[in-house]
Amino acid sequence: MFIPTLKESPADAEVMSHQLMVRAGMIRQLAAGIYSILPMGLRVLRKVEQIIREEMNRIGAQEVYLPSVQPSELWEESGRWKLYGKELLRIKDRHNRSFCYGPTHEEVITDILRKEIKSYRQLPQTLYQIQTKFRDEVRPRFGIMRGREFMMKDAYSFHSSEGSTRKTYADMAGAYSKIFERCGLNYKMVQADSGSIGGSFSNEFMVLADSGEDEIGFCTGCDYASNVEMAEAAQPSAPPANQETEALKEVHTPDKKTVEEIVEFLSVSPDRIVKTIVFESDQGLVAGLVRGDREINPVKLKNMIGCEWLYPAPEKMIYEQTGYPCGFIGPVGLKLKIYADQEVPLMKNFVTGANKKDTHYTGVEIGRDIVIEKLGDLRRIQEGDACPRCASGVYQIKRGIEVGHIFILGTKYSQAMKALYLDDQGKENPMMMGCYGIGVGRTAAAAIEQNHDEKGIIWPPFIAPFQVIILPVNFSVDSIRTASETTYRTLWDSGVETLLDDRPDRLGVKFKDAELLGIPLQIVIGPKNLETGKIEIKQRKTGNSDLYPFPGILEKIPEMLKSL
RNA sequence: CGGGGCGUGGCGCAGCCUGGCUAGCGCACCUGCUUUGGGAGCAGGGGGUCGGAGGUUCAAAUCCUCUCGCCCCGACCA
């Protein structure tokens, strides 16, 4: 078998799963974010896929296989040909017609359903596929975890009622939980932002790992959990101290730009200051207000405004468009739309910038001095913040890898693409939709992140590339070779996926590789034990090993594997 | 896209600053002998347009310019 293992980690692999996948001969890089999957890697991906298939089929989803190459017309219809941006890999055929390489398949699947489904009687429908996607990521990284070309399971559901949509959504959430459990992952389902896919409601499945790219906040007291970018703040309580109304007053604050500097210079606590952050968006520049000891959460602001995109505005842009000097911007008299965190109006008299260099205001008050466009939860949660759902818990924040994401899409695509059905009144309605993704390779990588030691991978049994590896101490000795081959055939005959290390190398080399590959059970066949009719079986995870009678023990191996 | 770093046999690296013998080391590979329960020992051997192009120079892996690729840090996503 072709399993090119490496003693040393490749220099360009940062995270453990990437290093181990390369070292264990599972993957090789071809270009940035583009990987060849070698036999060991493919076996694992197939295991994950199979688990996904079983759980999808179990909830009544049907498998399809949709084209990767998709005509631009469909994407024009949904509006995403323009919106999706550079991440969409666009290509032209010989007739100079525009296509893209599918990063996701809402358009294609909606096109199929709108042609085939006419009546509410034909709904609901849930279809899924497991297929290669392409996203021209700005920055691919971490091996197969964030590749540009990657395997994804994507499912889409179509409904004639909200209740049916929610039911399928719940079924999916259940199926996803089973999938990740079977893959041996410690995961959390968290509330999430629906991002560019669009839609109204969404959850992510996060595998807890320090190498994760996301931060998730979860309650220590109840089961509330959310991506930090969406995590709700608890109902605000007013800051203590000086709440008396004071007159608006201009103060000279030379070079004091940050909250810390103001705290020190004016001897006020940070919860007496209001920060003004300016963002650029498709609706122009906007300002967000949060208390001085808080951070603003741009995703919440984006959702509050309801804009397509929003980024922190560069200092230069702010100055050029408004003349306001960064570090001294404040809401009083500000010529931008102002969105404020719900904590801000509870403050009676506070400090803000005065939109003038080296100047701040004190005694500022909402209403009297400031006009707020909209009010709501805008702050980024912090560890230790009160839970928004229960009385006793507080937020804890950990890093996670997003392995799955489920969305309720509503009618965003069906409306744009006229995917209509007739209801029981004979009236035309857009179908309601949900969509549901799992990163197959990312799930495998996440499993490695959570299951490895200094020696290598420790595969969870259900997704291990093989269950057993046979290590003959010396393959050129007849008795050992014969016993090894017998073991190999017997195990395969009883349905155990087995690898035989028939290389002429010394045992030490075979042990090192077996540990690196992470196969759950090692069977060591050596001359001394064989003379007394015994073989050694060693567990990868615990390192424990015992002698067992040969060949009698072989028929008990399937049983042994179940107990792992 | 912005910022930083790196490209030298299959892998991991040294050499570059301060140009100068035949470009070196470890691992891997090939041959032979020995060894054979935890990455063997000895002896011999093969393999490199120093990412590419141009320039400076008597002389370039080394200096300069351009270019390509890859990696890392920030805004997106499975």
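Residue numbers start from 1 in every chain, and the chains themselves are labelled A, B, ... in the order their sequence lines are given, proteins ahead of strands. Bear in mind the structure is a predicted one, so any value in this text is a computation, not a measurement.
Summary of the strand contacts: A:Phe511 and A:Lys86 both lie near RNA chain B, and taking for each the nucleotide with the nearest heavy atom, the more 5' one is attributed to A:Lys86. Between A:Ala11 and A:Leu310, the one whose closest nucleotide on RNA chain B sits nearer the 5' end is A:Ala11.
Residues passing the salt bridge (Lys or Arg N to Asp or Glu O under 4.0 Å) test with A:Arg506, sequence neighbours excluded: none.
With rounding to whole Å, A:Glu14 atom CD is found 11 Å from B:rG74 atom P. A straight line from CZ of A:Phe150 to P of B:rC76 spans 17 Å, rounded to a whole angstrom. Between A:Phe142 atom CZ and B:rC76 atom C1' the separation is 14 Å, expressed in whole Å. Note: CG (A:Leu471) to C1' (B:rG39) measures 14 Å, nearest angstrom. Rounded to a whole Å, the CG atom of A:Asp505 is 11 Å from the C1' atom of B:rU36.
A close approach under 4.0 Å does occur between a side-chain nitrogen or oxygen of A:Gln29 and OP1 or OP2 of B:rC71. For the OP1/OP2 pair of B:rA40 and a distance below 4.0 Å, the side-chain nitrogens and oxygens of A:Arg506 include at least one atom meeting the criterion. A sub-4.0 Å separation between OP1 or OP2 of B:rC73 and a side-chain N or O of A:Arg141 is present. Contact annotation: A:Arg139 side-chain N/O to B:rC1 OP1/OP2 distance is not under 4.0 Å.
If you check every strand for non-hydrogen atoms under 4.0 Å, A:Pro298 touches nothing. Within the nucleic acid shown, A:Ala13 has no heavy atom closer than 4.0 Å to any nucleic acid atom. In this structure, A:Val403 reaches the sugar-phosphate backbone alone: every heavy-atom distance under 4.0 Å involves primed, P, OP1 or OP2 atoms, never a base. Across all strands shown, A:Gly147 has heavy atoms under 4.0 Å from base atoms, whether or not it also approaches the sugar-phosphate. Across all strands, A:Ser9 comes closer than 4.0 Å only to sugar-phosphate atoms, never to a base (heavy-atom distances).
A:Glu8 contributes no side-chain N or O that forms a donor-acceptor pair with the base of B:rG39 under 3.5 Å. One cannot find a donor-acceptor pair under 3.5 Å joining the base of B:rC72 and the side-chain atoms of A:Asp12.
With a 3.5 Å ceiling on both atom-pair distances, the Watson-Crick or G-U wobble partner of B:rG26 is B:rC11. Base pairing of B:rG54: its partner is B:rC64, meeting the Watson-Crick or G-U wobble criterion (both donor-acceptor distances under 3.5 Å). In a base pair of the Watson-Crick type (N1 to N3 plus N6-O4 or O6-N4) or a G-U wobble (N1-O2 and O6-N3), with each distance short of 3.5 Å, B:rA75 is matched with no nucleotide. Under the Watson-Crick or G-U wobble criterion, with both distances below 3.5 Å, B:rC70 is paired with B:rG5. Using Watson-Crick or G-U wobble geometry with both donor-acceptor distances under 3.5 Å, B:rC42 finds its partner in B:rG32.
Remark: the backbone N or O of A:Pro465 is paired with a side-chain donor or acceptor of A:Arg43 at under 3.5 angstrom.
The CG atom of A:Leu499 sits 7.0 Å away from atom CG of A:Leu517, with the distance rounded to the nearest 0.5 Å.
Taking each heavy atom of A:Pro10 and A:Arg23 in turn, the nearest pair found is CD-CG, 4.3 Å.
In the model, A:Asn57 has a side-chain atom that pairs as donor or acceptor with a side-chain atom of A:Tyr128 under 3.5 Å.
Salt-bridge check for A:Lys510 with A:Asp513: failed, with every basic side-chain N at 4.0 Å or more from each acidic carboxylate O.
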